[in-house]
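Here is the structure we will look at, set down as structure tokens.
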Amino acid sequence: MNMEFVRKLTIPAEVKEMYPLTGEMARCFEQRDIQLKNILSGKDQRLLLIIGPCSADHPDSVLDYMQRLRRVQEQVEDKIFIVPRCYTNKPRTTGKGYKGMLHQPDPEHKPDMFKGLIAIRELHMRVVKETGFTCADEMLYTENYKYLDDILAYVAVGARSVENQQHRLTSSGIEVPVGMKNPTSGSFSVMMNAITAAQDKHTFIYRGWEVHSQGNPYAHAILRGYMNKQGQTHPNYHYEDILLVSDLYSQNPDLQNPAVIIDTNHSNSGKQPLEQIRIAKEIVMNRRLNEDVGRLVKGLMIESYIEDGAQPVGGGCYGKSITDACLGWDKSQRLILDLAEML
């Protein structure tokens with residue numbers, strides 16, 4: 001085998017023993033889990049807003065951002081329920097570039113997966129302790145979910161992972177909501193198949209064990225746009241796209257808690273982060289125009305950080321993304337307040 005086995009990593013139980021949740025953290029997790037599930041089931045009419053940096057790169061700027069977000073949440077809590085993005089591992093289309101805090105706790109130093117596992121748990125714990133938020137993260141590696149399963153509020157399965165059998169089956173054993181993105185090809189049928197698989201019970205291999213999953217009734221759709229065979233981006237957040245997903249849900253009456261989250265960046269914006277403002281407002285307006293759309297679209301996903309845009313690793317600008325370009329804080333804050341007024 002043409003690879004070097006560097007060291008055997010510590011198991012999740014050992015990391016949790018080293019960094020245990022306090023009783024207050026556990027209560028925060030449980031309370032927010034109930035609220036989030038109530039939104040996805042339709043019991044709570046608030047808009048779900050999953051917002052934050054493309055990647056959680058530096059703890060100081062990430063926590064600064066989260067504290068700003070907490071202050072805004074207090075202003076809009078009757079209309080909007082915020083789940084911050086705290087994405088600690090990032091898919092890379094070509095395998096190149098910063099792969100997230102899990103790989104590199106310090107973006108300017110070489111990868112260290114052991115330190116990365118510690119760093120991502122510490123960061124998620126600090127967010128809960130210092131802001132009262134529980135966060136969303138992407139499930140890039142299915143076997144790593146157990147390191148954070150007692151603290152993550154929301155799990156996203158990315159466009160490149162959603163067709164993978166192990167991601168689908170692992171999602172069926174996760175207790176918190178899991179969002180299934182449409183694949184990069186844009187196929188809604190692939191996305192719906194992933195949701196169906198995640199909501200069903202399964203027997204499969206996980207971390208060397210034969211396991212039985214009970215199904216995740218809160219698995220749902222995320223629309224993030226797509227690319228055609230020429231590599232051109234196309235959006236799928238429009239009114240007609242949402243109605244099509246609504247029809248697909250109606251053709252699958254066994255699916256529980258029909259829900260759609262719209263990712264306003266990626267191929268929906270053509271990776272033009274300022275477009276997220278217009279897109280978010282259009283979606284909220286469409287929710288008001290049609291009852292089916294209003295019931296189905298439960299929330300938005302927005303890439304936002306302290307500064308507009310993006311920079312290379314080592315660029316030196318505090319709070320500016322080193323992966324995809326983000327919407328800066330001032331514009332993000334204004335957008336959240338505007339959305340609350342529209343609801």
Problem - Residues Met227, Ser185; criterion side-chain contact (heavy atoms from CB on, under 4.5 Å); working and verdict - result: CA-CA 6 Å; Met227 285 184 146; Ser185 67; over 6 Å; no
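- For the 3.5 Å distance criterion, the side chains of Tyr318 and Asp64 qualify, holding a donor opposite an acceptor.
- Using modelled atom types, one side-chain atom of Ser41 and one backbone atom of Asn38 make a donor-acceptor pair closer than 3.5 Å.
- In this structure the side chain of Glu24 never reaches within 4.5 angstrom of the side chain of Lys129, judged on heavy atoms.
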Practice task
For Asp149 and Glu175, run side-chain contact (heavy atoms from CB on, under 4.5 Å): C-alpha distance rounded to whole Å, both residues' side-chain angles, the deciding distance at 0.1 Å, then the answer.
Solution key: CA-CA 9 Å; Asp149 66 348; Glu175 294 187 8; over 6 Å; no
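- For Tyr87, the ring pair (Phe, Tyr, Trp, His ring centres under 6.0 Å) test picks out no residue, with sequence neighbours left out.
- For Lys16, the NZ atom is densely surrounded, since the number of other residues' heavy atoms within 6.0 Å is greater than 12.
- Panel note: side chain Tyr218, backbone Asn257; no donor-acceptor pair is recorded below 3.5 Å.
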Practice task
Begin with the C-alpha distance, continue with both residues' side-chain angles, and end with the deciding distance and a verdict on salt bridge (Lys or Arg N to Asp or Glu O under 4.0 Å) for Arg126 and Asp60.
Solution key: CA-CA 11 Å; Arg126 285 190 65 188; Asp60 54 352; over 6 Å; no
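- Side-chain contact check for Ser187 and Ser189: at least one donor-acceptor pair (N or O, by modelled atom type) lies under 3.5 Å.
- Considering all non-hydrogen atoms of both residues, Glu163 and Pro183 come closest at OE2-CB, 3.8 Å.
- Residues Leu152 and Phe29 have side chains not in contact (no heavy-atom distance under 4.5 Å, counting atoms from C-beta outward).
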Practice task
In sequence, state the C-alpha distance, the side-chain angles, and the governing distance for Glu30 and Arg27, and then conclude on salt bridge (Lys or Arg N to Asp or Glu O under 4.0 Å).
Solution key: CA-CA 5 Å; Glu30 291 169 2; Arg27 283 189 291 274; over 6 Å; no
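- His103 and Tyr141 have tilted rings, their planes meeting at an angle from 30° to 60° on a 0 to 90° scale.
- Residues Gln251 and Met192 form no side-chain contact, since every pair of their non-hydrogen atoms from C-beta on lies 4.5 Å or further apart.
- Leu47 and Ile50 fall into different hydrophobic clusters, where Ile, Leu, Val, Met, Phe, Trp and Tyr side chains are chained together by heavy-atom contacts under 4.5 Å.
- Within the 4.5 Å cutoff, the side chain of Val76 has heavy atoms near those of the Gln73 side chain.
- With Tyr305 as reference, Ser61 is the one residue of Ser321, Ser332, Ser61 to meet the side-chain hydrogen bond (donor to acceptor under 3.5 Å, both in side chains) rule.
- Residue His220 holds its NE2 atom at 10.5 Å from NZ of Lys298, rounded to the nearest 0.5 Å.
- The residues Lys37 and Asp33 are annotated as salt-bridged, a charged nitrogen and a carboxylate oxygen being separated by less than 4.0 angstrom.
- Ser213 and Ser172 are linked by a side-chain donor-acceptor pair at a separation below 3.5 angstrom, with hydrogens and angles left out of the test.
- Under a cut-off of 6.0 angstrom, the local environment of CD in Glu17 is sparse, with at most 12 non-hydrogen atoms contributed by other residues, nucleotides or ligands.
- Hydrophobic clustering (side-chain heavy atoms under 4.5 Å, transitive across Ile, Leu, Val, Met, Phe, Trp, Tyr) keeps Val155 apart from Leu36.
- For Tyr65 and Trp329, the gap between ring centers is short of 6.0 Å.
- Rounded to the nearest 0.5 Å, atoms NE2 (His167) and OG1 (Thr170) are 7.5 Å apart.
- Within 6.0 Å of the CZ atom in Arg288, the count of heavy atoms belonging to other residues, nucleotides or ligands does not exceed 12.
- Taking CD1 of Ile283 as the start and CD of Gln276 as the end, the distance is 10.0 Å to the nearest 0.5 Å.
- Gln311 contributes a side-chain N or O that, together with a main-chain N or O of Lys320, makes up a donor-acceptor pair within less than 3.5 Å.
- Counting heavy atoms from C-beta on, the side chains of Leu123 and Cys86 come closer than 4.5 Å.
- Side-chain atoms of Ser267 do not come within 3.5 Å of backbone N or O of Gly270 as any donor-acceptor pair.
- When side chains are defined from C-beta on, Asp254 does not count as touching Thr196, because their heavy atoms never get closer than 4.5 Å.
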Problem - CA sep, side-chain torsions, deciding dist, call: Ser246, Leu296, side-chain contact (heavy atoms from CB on, under 4.5 Å) - result: CA-CA 7 Å; Ser246 179; Leu296 186 63; 3.8 Å; yes
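- Residues Arg68 and Ile306 form a side-chain contact, since some pair of their non-hydrogen atoms from C-beta on lies under 4.5 Å apart.
- Arg224 places no side-chain N or O within donor-acceptor distance of the main-chain N or O of Ala159, the cut-off being under 3.5 Å.
- Every residue two or more places apart in sequence or in another chain was checked for a ring pair (Phe, Tyr, Trp, His ring centres under 6.0 Å) with Tyr206, and none qualifies.
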Exercise for the section: Please report the C-alpha distance between Val83 and Leu48 in whole Å, then the side-chain angles of each, then the deciding distance to 0.1 Å, and finally whether the side-chain contact (heavy atoms from CB on, under 4.5 Å) criterion is met. Expected result: CA-CA 7 Å; Val83 174; Leu48 171 60; 3.7 Å; yes
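- Distance check: Gln45 CD to Lys79 NZ gives 12.5 Å after rounding to the nearest 0.5 Å.
- Residues satisfying the side chain to side chain donor-acceptor pair (under 3.5 Å) criterion with Arg168, sequence neighbours excluded, are absent altogether.
- In terms of heavy atoms, Glu275 sits closest to Ser269 at CB-CB, 4.1 Å.
- Put simply, the side chain of Asn268 gets close to the backbone of Asp263: a donor and an acceptor are under 3.5 Å apart.
- Under the 4.5 Å side-chain contact rule for hydrophobic residues, Ile151 and Leu69 share a cluster.
- The CG atom of Leu339 sits 7.0 Å away from the NZ atom of Lys281 when rounded to the nearest 0.5 Å.
- To the nearest 0.5 angstrom, Ile51 atom CD1 is 4.5 Å from Ile302 atom CD1.
- The side-chain hydrogen bond (donor to acceptor under 3.5 Å, both in side chains) test with Asp106 is passed by exactly one of Lys110, His109, Gln104: His109.
- Formation of a donor-acceptor pair under 3.5 Å by the Asn252 side chain with backbone atoms of Leu248 is found in this model.
- Atom NZ of Lys271 is surrounded by 12 or fewer heavy atoms from other residues, nucleotides or ligands within 6.0 Å.
- Looking at Glu138, its side chain never comes within 3.5 Å of a backbone N or O of Asn89 through a donor-acceptor pair.
- For the pair Asp112 and Arg7, the salt-bridge criterion is met [side-chain N within less than 4.0 Å of a carboxylate O].
- Proximity of the aromatic rings of Tyr226 and His266 is defined here by a centroid distance below 6.0 angstrom, and this criterion is not met.
- In this structure, the side chain of Lys181 does not engage the main chain of Ile222 through any donor-acceptor pair within 3.5 Å.
- Of the possible donor and acceptor atoms, one in the side chain of Gln166 sits under 3.5 Å from a partner among the backbone N and O of Ile205.
- Residues Leu169 and Val162 share a hydrophobic cluster, clusters being chains of Ile/Leu/Val/Met/Phe/Trp/Tyr side chains in contact below 4.5 Å.
- Both tests pass for Arg70 against the ring of Phe133: distance under 6.0 Å to the centre and angle within 45° of the axis.
- Within the 4.5 Å cutoff, side-chain heavy atoms of Arg46 are placed close to those of Gln35.
- Met66 and Leu21 fall within the same hydrophobic cluster, defined by Ile, Leu, Val, Met, Phe, Trp and Tyr side-chain heavy atoms under 4.5 Å apart, directly or through other members.
- Annotation: Glu74, atom CD; neighbour count of heavy atoms from other residues, nucleotides and ligands within 6.0 Å is above 12.
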